[in-house]
Amino acid sequence: MSYVKDAFDRVKLRDPEQPEFHQAVWEVLETLEPVFDKHPEYRDANILERLTEPERVITFRVPWVDDNGAVQVNRGMRVEFNSAIGPYKGGLRFHPSVNLGIIKFLGFEQILKNALTTRPIGGGKGGSDFNPKGKSDLEVMRFCQSFMSELYRHIGANIDVPAGDIGVGGREIGYMFGQYKRLTGKWEGVLTGKGYGWGGSLIRPEATGYGQVYFLREMLASKGESIEGKACAISGSGNVAQHCAQKIISYGGKVITMSDSGGYIFDAEGIDESKLAWIMDLKNNRRGRIKEYVKEYPGAVYHEGERPWGEKCDIALPSATQNEIEEKGANNLVKNGCMAISEGANMPTSPEAYAILSKADVLFGPAKAANAGGVAVSSLEMSQNAAFDEWTSEKVDSKLDQIMTGIHKQCADAAEEYNQKGNLVVGANIAGFIKVAEAMLDQGVV
Ligand code: NDP
């Protein structure tokens, strides 16, 4: 049996109930066989078995009191996956679907993504099955304070630096940071995605979506194409989707869809800057549903319970959640002539869907490369905090652009070196893996 298959079988055997983690691991491992042929020293040091086992997993009880005075209990967790390159770094997700398998898949992806940024950050991820939807600000605050009352003892500016993810935005980061500071008596860059004016970096909220579009721009440029005039289907309407839409519009692309977990809206005229500002207010302040868009803009259509991949588009930008493009969606995208996909969400394309897109030669920017802009700017926020400095938005944005352009080049170069020219999935996996494997070799068996 091959070393790779053997390592994967051991992962499944050890935690059989974690399908998302298995999927994320296999999507990487299946592309790494040629690396072990070239670098037998990685096999000798059993890098794969060490890489797929988290350095530390912390789970804890999160008790809190709701507005009716009832005691609620959620489960909190943090997976400190790999610190070969730097302090653990990765977001916190608050969503009822959160379980250990999902957090491990996200943490595993994060290791290679963070390596690709070329910044000194290791991989981690955390979260809770708490659902912030429908909760009052005070309930969210009490939950965040209770969550941090346990997590604070495991994290620190040079140890583990969480950020946001689904259900965790500026409001939640603020409440958690306040509690960390109160418990430790320290003001330090222990969380990223903080508000501007109290340690947050300019461009951090925008970074994942902007970076996703910079990566898309580079992919298209490699084929002599550009974003201008292209019809773009975006899923999601949260942090990543909003800023992805903003950057697409600024490059002259036409955003025709956005969605939430209820369904998607299609606007044939395009979602322009002012319509996007309305969506951002709806989602970030009024905390409403995307279907309300068609009341404000009656030319648009709302499709309940559906995803946007059936609409004819040139470019698809999945920016909501995992496995949101399945076989049917992929077939529709190919049939309708979609030329490129840049993943904003983590693992949004199922393996079956990817096989269809890859066969049809759709340009494909995998999440661990295309959505690395968020964590890249988070690490720039860490640098600013460590130096008690604040950079201009132009400076941060231009560093983000350089990093994303560099990630595209690393992926393209690694793919070419391993005789898979143009395959950015293979390129991202190999480039990220080699960086982590080299650091692990240097540091011995730890
Ligand atoms: P938000 O919570 O801000 O937004 C999530 C969006 O996705 C919402 O529109 C939400 O709809 C929708 N969504 C969530 N779950 C589902 C589901 N099961 N089916 C359909 N739609 C769903 O999160 P982010 O924008 O921060 O994150 C989106 C994705 O990007 C995630 O995969 C995340 O891991 C990834 N990511 C985020 C980064 C960041 O910097 N924030 C960095 C890198 C990756 P609703 O409101 O109805 O739930």
Side-chain angles (χ1 to χ4, degrees), residues 20 24 89-98 102-103 105-110 113-114 116-117 123 125-127 130-134 162-173 191-193 200-201 203-212 215 234-246 257-265 279-280 282-284 286-293 303-309 317-326 329 342-349 365-379 381 400 404:
E20 293 88 357
K89 183 88 197 84
L92 296 169
R93 176 176 290 192
F94 292 170
H95 193 271
S97 65
V98 162
I102 288 183
I103 297 300
F105 118 60
L106 291 163
F108 182 75
E109 280 277 296
Q110 198 81 45
K113 178 186 314 192
N114 293 3
L116 287 172
T117 66
K125 198 83 188 187
F130 173 72
N131 185 0
K133 243 180 256 160
D165 191 79
I166 291 178
V168 178
R171 175 182 60 168
E172 291 76 14
I173 293 288
L191 292 163
T192 55
S201 176
I203 306 293
R204 175 59 189 91
E206 293 86 350
T208 308
Y210 281 16
Q212 176 189 5
F215 194 90
I234 298 179
S235 65
S237 49
N239 172 280
V240 178
Q242 292 170 14
H243 297 106
C244 169
Q246 209 169 53
T257 68
M258 289 186 80
S259 73
D260 62 21
S261 54
Y264 78 93
I265 50 127
I279 291 177
M280 288 171 80
L282 172 79
K283 286 290 169 181
N284 305 344
R286 290 180 280 135
R287 301 195 186 271
R289 308 304 299 158
I290 200 72
K291 68 177 172 199
E292 294 169 47
Y293 182 89
H303 297 269
E304 176 89 26
E306 286 185 49
R307 293 182 165 137
W309 318 126
L317 296 138
S319 309
T321 194
Q322 62 266 16
N323 291 326
E324 53 170 314
I325 304 184
E326 296 178 306
S342 180
E343 294 186 323
N346 282 309
M347 207 168 74
T349 310
K368 67 174 70 64
N371 76 16
V375 75
V377 171
S378 272
S379 84
E381 184 170 323
L400 170 64
M404 296 311 299

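Just so it is clear, the values below take in all heavy atoms, side chains as well, and ignore hydrogens, waters and symmetry mates. Predicted model only: the values in this text are computed from it and were never measured. All ligand and atom numbering here is 1-based and tracks the order in the structure.
Neither the backbone nor the side chain of Lys368 has a heavy atom within less than 4.0 Å of ligand 1. Of all the heavy atoms of Lys133, the ones lying under 4.0 Å from any atom of ligand 1 belong exclusively to the side chain. Heavy atoms of Arg93 found under 4.0 angstrom from ligand 1 belong exclusively to the side chain. Contact annotation: for Ser319 versus ligand 1, heavy atoms closer than 4.0 Å belong to the backbone alone. Contacts with ligand 1 closer than 4.0 Å are made by no heavy atom of Ala207, backbone or side chain.
Between Asn284 and Arg171, every side-chain heavy-atom pair lies at or beyond the 4.5 Å cut-off. At a threshold of 4.5 Å between non-hydrogen side-chain atoms, the residues Met258 and Ile279 count as touching. Looking only at side-chain heavy atoms (C-beta outward), Thr192 and Lys89 come within less than 4.5 Å of each other. The shortest side-chain heavy-atom distance between Arg93 and Val168 does not fall under the 4.5 Å cut-off. The shortest distance between side-chain heavy atoms of Thr321 and His95 does not fall below 4.5 Å. Using a 4.5 Å heavy-atom cutoff, the side chains of Glu324 and Glu343 are not in contact. Looking at heavy atoms from C-beta onward, Gln246 lies in side-chain contact with Met280 at the 4.5 angstrom threshold. Between Met347 and Phe105, the closest side-chain pair of non-hydrogen atoms falls below 4.5 Å.
Listed by number with element, the atoms of ligand 1 under 4.0 angstrom from any heavy atom of Gly236 are 9 (O). Those atoms of ligand 1 with a heavy atom of Asp260 less than 4.0 angstrom away are 9 (O), 11 (O), 21 (N), 45 (P), 47 (O). Near Ser259, with a cut-off below 4.0 Å to any heavy atom, the atoms of ligand 1 are 9 (O).
One option in Ala320, Gly373, Ala345, Gly169 has a heavy atom closer to atom 28 (C) of ligand 1 than any other, and that option is Ala320. Across the listed options Leu106, Asn346, Val377, Ile166, Asn346 owns the non-hydrogen atom lying nearest to atom 35 (C) of ligand 1.
Ranking protein heavy atoms by distance to atom 16 (C) of ligand 1, first place goes to Thr321 CG2, 3.7 Å. Protein heavy atom closest to atom 4 (O) of ligand 1, with residue, atom name and distance, is Gly238 CA, 3.3 Å. Among all protein heavy atoms, the one lying closest to atom 20 (C) of ligand 1 is Ser261 CA, 3.6 Å. Nearest non-hydrogen protein atom to atom 9 (O) of ligand 1 is Ser237 N, 3.0 Å. Nearest to atom 39 (C) of ligand 1 among the protein's heavy atoms is Thr208 OG1, 3.4 Å. Residue, atom and distance of the protein heavy atom nearest to atom 2 (O) of ligand 1 are Gly167 N, 3.0 Å. In this structure, the protein non-hydrogen atom closest to atom 24 (P) of ligand 1 is Val240 CG2, 3.9 Å. The single protein non-hydrogen atom nearest to atom 41 (N) of ligand 1 is Asn239 OD1, 3.7 Å, given as residue, atom name and distance.
With values rounded to the nearest 0.5 angstrom, His243 atom NE2 is found 9.0 Å from Ile203 atom CD1.
The closest approach between any non-hydrogen atom of Arg204 and ligand 1 is below 4.0 Å. Within the structure, ligand 1 has Gly344 among the residues with a heavy atom less than 4.0 angstrom away. Within the structure, the closest approach of Arg289 to ligand 1 falls below 4.0 Å when heavy atoms are considered.
The minimum heavy-atom distance between Leu191 and Ile173, with the atom names listed, is CD1-O, 3.9 Å.
Looking at Glu20, Lys113, Gln110, Lys368 one by one, the single match for side-chain hydrogen bond (donor to acceptor under 3.5 Å, both in side chains) with Asn346 turns out to be Lys113.
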Does the side-chain hydrogen bond (donor to acceptor under 3.5 Å, both in side chains) test come out yes or no for Ser237 and Arg289, once each step is laid out?
CA-CA 9 Å; Ser237 49; Arg289 308 304 299 158; over 6 Å; no

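Taking a cutoff of 4.0 Å between a charged side-chain nitrogen and a carboxylate oxygen, Lys125 and Asp165 qualify as a salt bridge.
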